Amino acid sequence: MHAKQSNTATGWTVVLNAVLTVCGIGLAVGNVNSADHFMLVCGIVMALSGAVSFVLNLRTWRRSRQP
């Protein structure tokens, strides 16, 4: 049962990292023409960190589901 909870937690982490990536892309795209590029940089960093975390957690999640 403990392993199943771990798989569920990792699955939710994968989903939340995907959401973080999409929100970061939206933030970056929404601030492309802004005079202050701080939010553009924040969106890019947010999208990149979400994408890296997504890939790493997806690999962990796939390994944990193998018998």
Side-chain angles (χ1 to χ4, degrees):
M1 176 126 172
H2 189 305
K4 187 171 185 171
Q5 288 176 345
S6 175
N7 288 347
T8 303
T10 308
W12 277 111
T13 306
V14 170
V15 170
L16 292 175
N17 281 324
V19 170
L20 177 68
T21 303
V22 170
C23 289
I25 292 169
L27 182 64
V29 169
N31 286 289
V32 168
N33 294 325
S34 173
D36 181 21
H37 293 296
F38 177 74
M39 293 305 288
L40 173 65
V41 172
C42 288
I44 292 169
V45 169
M46 188 169 145
L48 289 175
S49 66
V52 168
S53 295
F54 174 79
V55 169
L56 294 175
N57 284 320
L58 186 62
R59 288 177 56 195
T60 304
W61 183 63
R62 284 184 179 170
R63 286 182 190 158
S64 69
R65 292 180 52 94
Q66 292 177 352

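Residues: numbered from 1 along the sequence shown. Just so it is clear, the model here is predicted, and its values are computed rather than measured.
- When every heavy atom of G24 is checked against every heavy atom of M46, the shortest pair comes out as N-CE, 3.5 Å.
- Taking hydrophobic clusters as Ile, Leu, Val, Met, Phe, Trp and Tyr residues chained together by side-chain heavy-atom distances below 4.5 Å, I44 does not share a cluster with F38.
- Rounding to the nearest 0.5 Å places CZ of R62 at 12.5 Å from CG of N57.
- Taking CH2 of W61 as the start and CZ of F54 as the end, the distance is 9.5 Å to the nearest 0.5 Å.
- Note on V22 and V19: separate hydrophobic clusters, where clusters join Ile, Leu, Val, Met, Phe, Trp and Tyr whose side-chain heavy atoms are under 4.5 Å apart, directly or indirectly.
- Summarising the geometry of V32 relative to H37, their closest heavy-atom pair is O-CE1, 3.9 Å, with the distance given to 0.1 Å.
- When the side chains of ILVMFWY residues are joined at heavy-atom separations under 4.5 Å, either directly or via intervening members, L40 and L48 end up in a single hydrophobic cluster.
- By the rule that hydrophobic residues join a cluster once side-chain heavy atoms approach within less than 4.5 Å of another member, V41 and L20 end up as members of separate clusters.
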